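The block underneath contains the structure these notes are about, expressed in structure tokens.
In what follows, chains carry the letters A, B, and so on, assigned in the order in which the sequence lines appear, proteins first and then strands, with residues in each chain numbered from 1. Because the structure is predicted, anything quoted here is derived from the model rather than measured.
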There are 2 protein chains.
Amino acid sequence: MQQKKEIINKLRSSNLRPTKQRILIAKKLFDRKETFHFTAESLNKTVNKKMQKRISLATIYNTVEAFKKAGHIREILTNTSKSYYDTNIKSHHHFYDPDKKKLTDIDYQEVVLKKIPNPPKGKKIKDLEVVISLQKK
Amino acid sequence: MQQKKEIINKLRSSNLRPTKQRILIAKKLFDRKETFHFTAESLNKTVNKKMQKRISLATIYNTVEAFKKAGHIREILTNTSKSYYDTNIKSHHHFYDPDKKKLTDIDYQEVVLKKIPNPPKGKKIKDLEVVISLQKK
DNA sequence: ATTCTAGTTTATAATTATTCTAAACTAGTA
DNA sequence: TACTAGTTTAGAATAATTATAAACTAGAAT
Ligand SMILES: [Mn+2]
Ligand SMILES: [Mn+2]
Ligand SMILES: [Zn+2]
Ligand SMILES: [Zn+2]
């Protein structure tokens, strides 16, 4: 949960001008109790639901990309054609339900990794994601 | 490594008619020592390299989908816009190098999972994938 | 061998998600 | 108030994939 001032600070600290559009999008993303998962399409709907002035889809994409680069959201692996994002930027993992097309969080400590192979020379690990796909029982 | 008869049997046992195209594609995929990762695009190139008669891209896509449904290949999670497939169908995990756009196998036993949350009611686990993204050191 | 037909291949069009373009707009500073 | 770099926007372009429907063929039946 974040108030307008905090949101503006968050934008400023990432070298993003606090425009009307970014503030509105940031509110929808960050001014709430629980983190959640979204796509560009779902965010576009959320943001433009019964709004007098709409935000263009290009701006939705631009802003999602900017927030991702700034580390305010992260992209989640799925096998779907569209990109999924997460307002939970703490390291954690996911169930993916292909029927509902929904991600669910799994706490980081639920997954323990034994030794993993060394990354190739000159490379280090940026990120480790576990995705558990579900199916009907 | 599989010979032509084995390949035909593999196709037949999956209710796939052993057509010229499927046999040729199956040879490229399965008649080799090591498993490998590919995309529709890379497979299309491989299959149609200096070939007198080409196989259409539609058939590449159709066949990849058919082989996936039959369980002869599996799709791997990545954050790229194109789908990646694996001729290694044993349970295992991956490094992903976004610079080279290359997947590398990690043996299944390199990753150990502590208790994981129960899947939602009516759902069971279809698959668990670990993807480790790399970056320049 | 010839005929038949369901399954398959193919060229091409359509779709979908995303990115690009470049003109209009605006936040923030001078 | 004027300026400008950054931002937004509508719409075009791109890229991967899927759909369409006509031509072809594997394999069974005759
Ligand atoms: Mn994805
Ligand atoms: Mn993918
Ligand atoms: Zn999450
Ligand atoms: Zn693999």
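Residue A/T59 is classed as a base contact, given a heavy-atom separation below 4.0 Å to a base.
Atom P of nucleotide D/dT8 and atom CG of A/L11 are separated by 10 Å, given to the nearest angstrom. Counting to the nearest Å, the C1' atom of C/dC25 and the NZ atom of A/K20 are 9 Å from each other. If you take CZ of B/F38 and P of D/dT17, they are 12 Å apart, rounded to a whole angstrom. As a whole-Å value, the separation of B/R12 CZ from D/dA26 P is 11 Å. Rounded to whole angstrom, the span from the CD1 atom of B/I55 across to the C1' atom of C/dA11 amounts to 15 Å. As rounded to whole Å, 9 Å separates atom P of D/dT17 from atom CG of B/L57. Between B/K69 atom NZ and C/dG7 atom P there is a gap of 14 Å when expressed in whole angstrom units. Remark: P of D/dT8 and CD1 of A/I25 are 7 Å apart, rounded to the nearest angstrom.
Checking the phosphate oxygens (OP1, OP2) of C/dA6, no side-chain nitrogen or oxygen of B/R17 falls inside 4.0 Å. Using a 4.0 Å cut-off, no side-chain N or O of A/S81 falls inside it from OP1 or OP2 of D/dA16. Here B/R22 does not reach the OP1 or OP2 of D/dA26: none of its side-chain N or O atoms lies under 4.0 Å away. Phosphate contact (OP1/OP2 of C/dT9, side-chain N/O of B/T19, threshold under 4.0 Å): present. Checking the phosphate oxygens (OP1, OP2) of D/dT9, a side-chain nitrogen or oxygen of A/Q21 falls inside 4.0 Å. At D/dT17, one or more side-chain N or O atoms of B/Y61 fall inside 4.0 Å of OP1 or OP2 (strictly under the cut-off).
A donor-acceptor pair shorter than 3.5 Å can be found between the side chains of A/D105 and A/H94.
Other residues, nucleotides and ligands place no more than 12 heavy atoms under 6.0 Å from the NZ atom of A/K102.
Considering only side-chain atoms of B/S56, the nucleotide from C/dT9, D/dG11, D/dT8 that sits closest is C/dT9. For B/A58, counting side-chain heavy atoms from C-beta on, the closest listed nucleotide (C/dA11, C/dT18, D/dT25) is C/dA11.
B/H93 pairs with exactly one of B/T104, B/D107, B/L128 by the side-chain contact (heavy atoms from CB on, under 4.5 Å) rule, that one being B/L128. The side-chain contact (heavy atoms from CB on, under 4.5 Å) test with A/F38 is passed by exactly one of A/T46, A/N44, A/I76, A/L29: A/L29.
Take the nearest nucleotide of DNA chain C for A/K53 and for A/T39: the residue whose nucleotide is more 5' is A/T39.
Outside the 6.0 Å centre-distance limit, the rings of A/Y85 and A/H37 are not counted as a close aromatic pair.
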